[in-house]
Amino acid sequence: MSSRPRRSSYVPQEIEPKWQKIWVERGVMKASDSSPKPKFYDLVMYPYPSGDLTVGHLRNYVMGDVLARMKRMQGFEVLHPFGWDAFGLPAENAAMKRGGLHPRTWTVENIAKGKRELKMAGILYDWDREVATCEPDYYRWTQWLFLLMLERGLAYRAMAPVNWCPVDKTVLANEQVINGRCWRHPDVEVEKRDLEQWFLKITNYADRLLDDLALLDKWPQKVRVMQTNWIGRSMGAEVDFPIDGLPDEVVRIYTTRPDTLFGATFMVLAPEHPLVEKITTEKHRARVREYVEQARKESEIERMSTERDKTGVATGGFAINPMNGEKIPIWVADYVLVTYGTGAIMAVPAHDERDFEFAGRYDLPIVQVIAPPAEHGVLREAYEGPGVLVNSGPFNGLESAVAFEKICDWLESSGIGKRSVKYRLRDWLISRQRYWGAPIPVVYCPDDGMVPVPREQLPVMLPEEYKPLSEVESFWRTKCPKCGRDARRETDTMDTFIDSSWYFLRYASPHDKTQPFDSELANHWMPVDQYTGGVEHAILHLLYSRFFMKVLHDAGLVDATEPFTRLFNQGMVKRFGQVMSKSLGNGVSIDELANAQGADAGRIYEMFIGPPEEDVEWSDAGLNGVVKFLQRVWRLVLEPESIAAEGGALGAAVDAVALRRKVAQTVGKVTEHYDELRFNTAVAFLMELANAMQDYLRGGGARDAAWDGAVHTLVKLLNPLAPHVGEEMWERLGEKGLLADASWPAFEASAAAEPKVVLVVQVSGKLRDRLEVDAGLSEADAVRAALASEKVRAALDGGSPSKIIYVQDRLINLVP
RNA sequence: GUCGGCGUGGCGGAAUGGCAGACGCGCCAGCCUUAGGAGCUGGUGCCCGAAAGGGCGUGGAGGUUCAAAUCCUCUCGCCGACACCA
């Protein structure tokens, strides 16, 4: 016998491919639609198949996989599907870069590559349910849903000034414009163009989208706040101001502060407001035209900047303040947006910061109508808070909140105005002038106008030829479905966010040839129990999906009104301070990982590296720590003798009773933390268990039932994180059947209970001693034990405690 | 500017009113040796001390409480979202 114990180690490259093959052969993650088990729908946001999959992206999928594997072992029928957000511009851009390669070819290649890498990482999906949005079998139903929107009056065409990205050569939705720049090109400013475009009437659902956020109590608060702000509901009133000398016209304004109506000292129209020309007097016409021209030319980013001074010009026209009959000047200024409210405002400089700034610049009158509660700096700044009305005729003396209602009542009864609710949310512009997307299924006929493509003629197939659709004659030249005469197809495609607004429903019945999804199956699986993905979709994808869900609910196609019960936003993996990506050259590929430390080590490391919601920095040293842990587990489970032979435990010896207790405690904590997606601490608990098992062996513990239980429990608890090495150990332990199909260990509270606890003894809140006592000690016994301590008596300095705080099994605090 | 989040050892982090620093990385000392980027043992917040022990300590300042990393107020710093929406 050698003086040194023999040690084996596991070689991930030998076992990982083996088990990946077996899982697929045995259909481990296949979801049955007719299982009697309770369902669990575990969804990760499907990716764009960019061909750039790194261990950074993997983190998200590992989280989903850990949960899926545990839920299966717990007896749930788990739906854990995957798919590809396969339409979109990067495919076209990449194709162009690579000399006319077809976007489809590029996409299909990347999908194959991504799928191979996910399998290599041991992520299990029900691949039978895979969807790719660029396949006719999928986009046929995207088109079908567009027709549903059209039927329900939720899709319409309108001429509008729209955001145009000069690089992508397409229009963008409001949600895709960030600080006046294209969301895909942060250095490219969007342009405004007047175009006839397709919109979805998401604003019809503004109230429900807002109110139902209250139901989403398992969503991050941050996301709910962002959506609330995005929808931006405000309560106010629309009021008509007569125009001096134009008896047939009024300026209709929107205000959230009808209580300040008496303080309106001028009006402001947006430069694009239709009444500008009419109101402007001859004397001012030239200057106003010049200003309007100027405003139109300015980019969104210049116009929206709050830094810059407000500008405007007087029209020469006057309005009458309907409250007090005062004649007030009408101005044009670009700080008023034509797209919000009525495109015109009453300016109350005393109580609106922006109006105050403008009034100061152009020397316009300022009248205070709200007395601030205390002495407020007079006229140094606008006072926007509540207060008592002054200078407001019959409404003087009212609290502003009361005045709000009274004035609205008066406006309504006298026909001058009415209460009104406005939203910041705009309708969703879905037209894209690009090739690689789902064609909008309508035809324009010279006689019948816009005609929807009949459902039985779907899909409207993309032509093979890769060109803007408007340049593919064989595509757009068609017959009118109504009259059969020559007609022209719509050549815009749909925003890819439409594809992703319903993909989670398609997974319920991915092969249905007659409808987008089978309602019965969708009702079985929906809503998604856990949805995991990046916070960058906090508004876009998540708001659109909620909108779709509500429309589909209203159409009677699905019961649920919200798609995602619990949402989690995972943090990104960075390396050298930047998000991993192939183009930056800082990515670690899944191949590299699998070939070096192995997928299992990588999976655990990604979970252990930091809190799941935080961004984390990849470190090879940290990864090595996990490799060591796995090697140690391997030896603990399969070669305990080699560990027992190493040194002797000098620290706390772990006996069989303590080992059983540690195992039971670990079951409880790991289960809870997996459930709450607190993976980093779950790993720490598993490490603690392994440490205790090691101490047990080194202390001479026998290979008895306690040990056997510890080994089997450790392997099971570790399995969701490290499934390959888990299966291999399970097999070598002589177990029949797959570990993936084994049952999850049950938590036994009685076994986990500690019979002895360390009671912290404080005097006046300061730690003075620690006593080992029986659990569940009564207060009287605890006091007796505490007073028996020399240190405590010294701290009490001979006195006796006048106040005692006792927290059973934790602490006793004696206050003299 | 507004809203939100976060500040804890050399590092990642743990503890959500009750022993601050679990778990891991790194580092230090030692052991073993088939000499290894392996394994094992012990140590590792800061200060005083030979030690026993004591004091201090969760960005800063106050406060609430028997007790605060945790709750409150102010403040500084970092990050994120929104940004003239009347």
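Proteins come first, then strands; the chains are lettered A, B, ... in the order of their sequence lines, and each starts at number 1. This structure is a prediction, so every number in the text was calculated from the model and none was measured.
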Strictly under 3.5 Å: I want the nitrogen or oxygen pairs between protein and nucleotides 63-70 of chain B, one per line.
from, atom 1, to, atom 2, distance (Å)
C66(B), OP1, K803(A), NZ, 3.0
C66(B), O2', N813(A), ND2, 3.2
C66(B), O2, N813(A), ND2, 2.4

Next item on the list: Hey, could you give me the CD/CD distance between E606(A) and Q570(A), rounded to the nearest 0.5 Å?
Entry: 10.5 Å
Notebook entry, point to check: Quick one: salt bridge (Lys or Arg N to Asp or Glu O under 4.0 Å) partners of E754(A), sequence neighbours excluded?
Noted result: R661(A)
Notebook entry, point to check: Counting side-chain heavy atoms from C-beta on, which of A86(B), C19(B), C3(B) comes nearest to R770(A)?
Noted result: C19(B)
Check: Is the CZ atom of R361(A) crowded by more than 12 outside heavy atoms at less than 6.0 Å?
Finding: yes
Notebook entry, point to check: Which whole-number value in Å describes the distance from Y423(A) OH to A86(B) C1'?
Noted result: 17 Å
Checklist line | Pairs satisfying salt bridge (charged side-chain N to carboxylate O under 4.0 Å, His left out), at least one member in residues 342-353 of chain A, at least two apart | finding: D352(A)-R354(A)
Notebook entry, point to check: Counting side-chain heavy atoms from CB outward, which of C19(B), G18(B), C23(B) is closest to E688(A)?
Noted result: C23(B)
Next item on the list: Assign R424(A) to base, sugar-phosphate, or nothing according to its heavy-atom contacts below 4.0 angstrom with the strands shown.
Entry: base
Checklist line | Listed nucleotide nearest any side-chain atom of R635(A), set C23(B), G39(B), A81(B) | finding: G39(B)
Notebook entry, point to check: Do Q694(A) and R632(A) have side-chain atoms, one donor and one acceptor, less than 3.5 Å apart?
Noted result: yes
Margin query: Whether the side chain of T342(A) engages the backbone of R252(A) through a donor-acceptor N/O pair (distance < 3.5 Å, no angle test) should be reported.
Written below: yes
Note to self: Going by purine N1 to pyrimidine N3 plus the second Watson-Crick contact, or the G-U wobble pair, all under 3.5 Å, which nucleotide sits opposite U16(B)?
What the structure shows: none
Provide a list of protein-nucleic acid N or O atom pairs under 3.5 angstrom, restricted to nucleotides 53-58 of chain B.
from, atom 1, to, atom 2, distance (Å)
C56(B), OP2, K766(A), NZ, 3.3

Check: Of the candidate nucleotides G24(B), G80(B), A86(B), which contains the atom at the shortest distance from the side chain of K222(A)?
Finding: G80(B)
Margin query: According to salt bridge (Lys or Arg N to Asp or Glu O under 4.0 Å), who are the partners of R233(A), at least two apart in sequence or on a separate chain?
Written below: D207(A), D211(A)
Item checked: Heavy-atom side-chain contact between T713(A) and T666(A) under 4.5 Å -> no
Notebook entry, point to check: What residues, two or more places apart in sequence or in another chain, satisfy salt bridge (Lys or Arg N to Asp or Glu O under 4.0 Å) together with R419(A)?
Noted result: E405(A), D409(A), E412(A)
Between protein and nucleotides 13-17 of chain B, what N or O pairs are separated by less than 3.5 Å?
from, atom 1, to, atom 2, distance (Å)
A14(B), OP1, N680(A), ND2, 3.0
A15(B), OP1, R678(A), NH2, 2.6

When the side chains of residues 259-267 of chain A are checked against the rest of the protein, which donor-acceptor pairs come out under 3.5 Å, sequence neighbours left out?
from, atom 1, to, atom 2, distance (Å)
D259(A), OD1, R257(A), NE, 3.1
D259(A), OD2, R257(A), NE, 3.2
D259(A), OD2, R257(A), NH2, 3.0
T260(A), OG1, R257(A), O, 2.8
T265(A), OG1, P365(A), O, 2.7

Margin query: Test of understanding: with ring pair (Phe, Tyr, Trp, His ring centres under 6.0 Å), list the residues that count as partners of F629(A), not counting sequence neighbours.
Written below: none
Item checked: Closest listed nucleotide, where the reference is the side chain of W230(A) and the choices are C40(B), A83(B), C23(B) -> A83(B)
Next item on the list: Using Watson-Crick or G-U wobble geometry with both distances below 3.5 Å, tell me the partner of C71(B), or none.
Entry: G63(B)
Note to self: Strictly by side-chain hydrogen bond (donor to acceptor under 3.5 Å, both in side chains), give each pair with a member in residues 607-618 of chain A just once, sequence neighbours left out.
What the structure shows: W618(A)-D620(A)
Next item on the list: Can you sort out the partners of Y254(A) under ring pair (Phe, Tyr, Trp, His ring centres under 6.0 Å), two or more places apart, ordered by chain and number?
Entry: none
Could you pull out the protein-nucleic contacts involving nucleotides 25-31 of chain B (nitrogen or oxygen on both sides, under 3.5 Å)?
from, atom 1, to, atom 2, distance (Å)
C25(B), OP1, K628(A), NZ, 3.4

Notebook entry, point to check: Among the nucleotides C19(B), A86(B), C23(B), which one has an atom lying closest to any side-chain atom of F608(A)?
Noted result: C23(B)
